[in-house]
Amino acid sequence: MMYSFMGGGLFCACVANILLVVSTTTDFWMQYRLSGAFAHQGLWRYCVTGKCYMQTESIAYWNATRAFMILSTLTCFGGIIAGILSFAHFSTFQRFNRSFIAGIMFFISTLFVLLAMAIYTGVTVNFLGKRFGDWRFSWSYILGWVALLMTFFAGIFYMCAYRMHENRRVSGPR
């Protein structure tokens with residue numbers, strides 16, 4: 001049963017890491033109409049009528065969102081490595097339970113992506129939403145929220161695996 005939780009957590013984490021990379025690198029966080037033309041923007045570029053430009057302004061909320069999304073991706077990847085290692089039984093890691101470490105890393109990744117999404121949402125709704133009348137969040141942004149849920153569930157699965165391992169260790173082998 002413990003391996004089922006770890007397998008489910010590893011699946012959620014791998015999907016989350018893919019979603020974090022795609023969300024961070026694509027240009028569809030927000031779509032809007034600019035002077036009658038459709039435009040969309042991501043964290044790195046904005047596109048107007050099919051032509052894309054790098055975002056050269058160093059605006060604090062973009063930098064914060066980028067940084068937290070990158071930190072979330074790296075932390076999730078570290079959690080995946082710890083999660084894979086938790087399947088192995090190395091005697092060198094007896095003091096630290098790798099499933100616990102993986103679960104903590106996934107929760108930290110969840111916190112980072114939550115911070116990124118909250119910053120972007122707050123600024124977009126309060127500033128950019130008033131600047132562009134006809135706008136909406138797009139699929140890259142939505143993938144960020146889905147990744148948040150997946151990292152959270154990966155953390156839950158690994159914590160459940162840790163609790164099962166601890167209960168088995170305390171009660172002895174059956």
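Given the structure is predicted, the values throughout are model-derived calculations rather than measurements.
Residues satisfying the side chain to side chain contact (heavy atoms under 4.5 Å, CB included) criterion with Val22, sequence neighbours excluded, are Ile18, Thr26, Trp139, Leu143. In this structure, the side chain to side chain contact (heavy atoms under 4.5 Å, CB included) partners of Trp44, at least two apart in sequence or on a different chain, are Thr24, Arg66, Ile70. Residues satisfying the side chain to side chain contact (heavy atoms under 4.5 Å, CB included) test with Phe100, not counting sequence neighbours, are Asn97, Ile104, Met159, Tyr162. With sequence neighbours excluded, the residues that form a side chain to side chain contact (heavy atoms under 4.5 Å, CB included) with Tyr61 are Gln41, Ile59, Thr65, Ile119, Tyr120, Val123, Leu128. Among residues two or more places apart in sequence or in another chain, the ring-ring contact (aromatic ring centres under 6.0 Å, His included) test is passed with Phe137 by Trp135, Tyr141.
Under the 3.5 Å distance criterion, the side-chain polar atoms of Thr121 are left unmatched by any main-chain donor or acceptor of Ala118. Here the side chain of Ser23 pairs a donor or acceptor atom with the backbone of Ser140 at under 3.5 angstrom.
Hydrophobic clustering keeps Leu149 apart from Val21 (ILVMFWY residues linked when any side-chain heavy atoms are closer than 4.5 Å, directly or through intermediates).
Applying the side chain to side chain donor-acceptor pair (under 3.5 Å) test to residues at least two apart or on different chains, the pairs with a partner in residues 100-118 are Ser72-Ser109, Thr110-Thr151. Among residue pairs with one or both ends in residues 13-31, those qualifying as salt bridge (charged side-chain N to carboxylate O under 4.0 Å, His left out) are Asp27-Arg45; sequence neighbours excluded. Here side chain to side chain donor-acceptor pair (under 3.5 Å) pairs that include residues 50-59, with residues two or more places apart or in two chains, are Ser58-Asn63.
Trp145 places none of its side-chain heavy atoms less than 4.5 Å from the side chain of Val113. Phe106 has its side chain out of reach of Cys12: every pair of non-hydrogen atoms, C-beta onward, lies at least 4.5 Å apart. Between Phe152 and Phe107, the closest side-chain pair of non-hydrogen atoms falls below 4.5 Å. Annotation: side chain of Phe157 is not in contact with side chain of Ser4 (no heavy-atom distance under 4.5 Å). Side-chain contact between Phe38 and Arg33: present, with at least one pair of heavy atoms (C-beta onward) separated by less than 4.5 Å. Side-chain contact between Tyr158 and Leu10: present, with at least one pair of heavy atoms (C-beta onward) separated by less than 4.5 Å.
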Please list, one pair per line, the donor and acceptor atoms closer than 3.5 Å that link side chains of residues 74-81 to other protein atoms, with sequence neighbours excluded.
{"residue": "Thr75", "atom": "OG1", "partner": "Leu71", "partner atom": "O", "Å": "2.7"}

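In this structure, OH on Tyr46 lies 10.0 Å from SG on Cys52, to the nearest 0.5 angstrom. Here the SG atom belonging to Cys14 is positioned 6.5 Å from the CD1 atom belonging to Ile84, to the nearest 0.5 angstrom. One finds the CD1 atom of Ile142 at 9.0 Å from the CE atom of Met117 (value rounded to the nearest 0.5 Å). Taking CZ of Arg136 as the start and CD of Gln31 as the end, the distance is 4.0 Å to the nearest 0.5 Å.
Heavy atoms only, all atoms of each residue included: Gly83 and Ala102 are closest at N-CB, 3.7 Å. The heavy-atom pair separating Phe87 from Gly7 by the smallest distance is CZ-N, 3.8 Å. The heavy-atom pair separating Ser86 from Ser99 by the smallest distance is CB-N, 3.7 Å.
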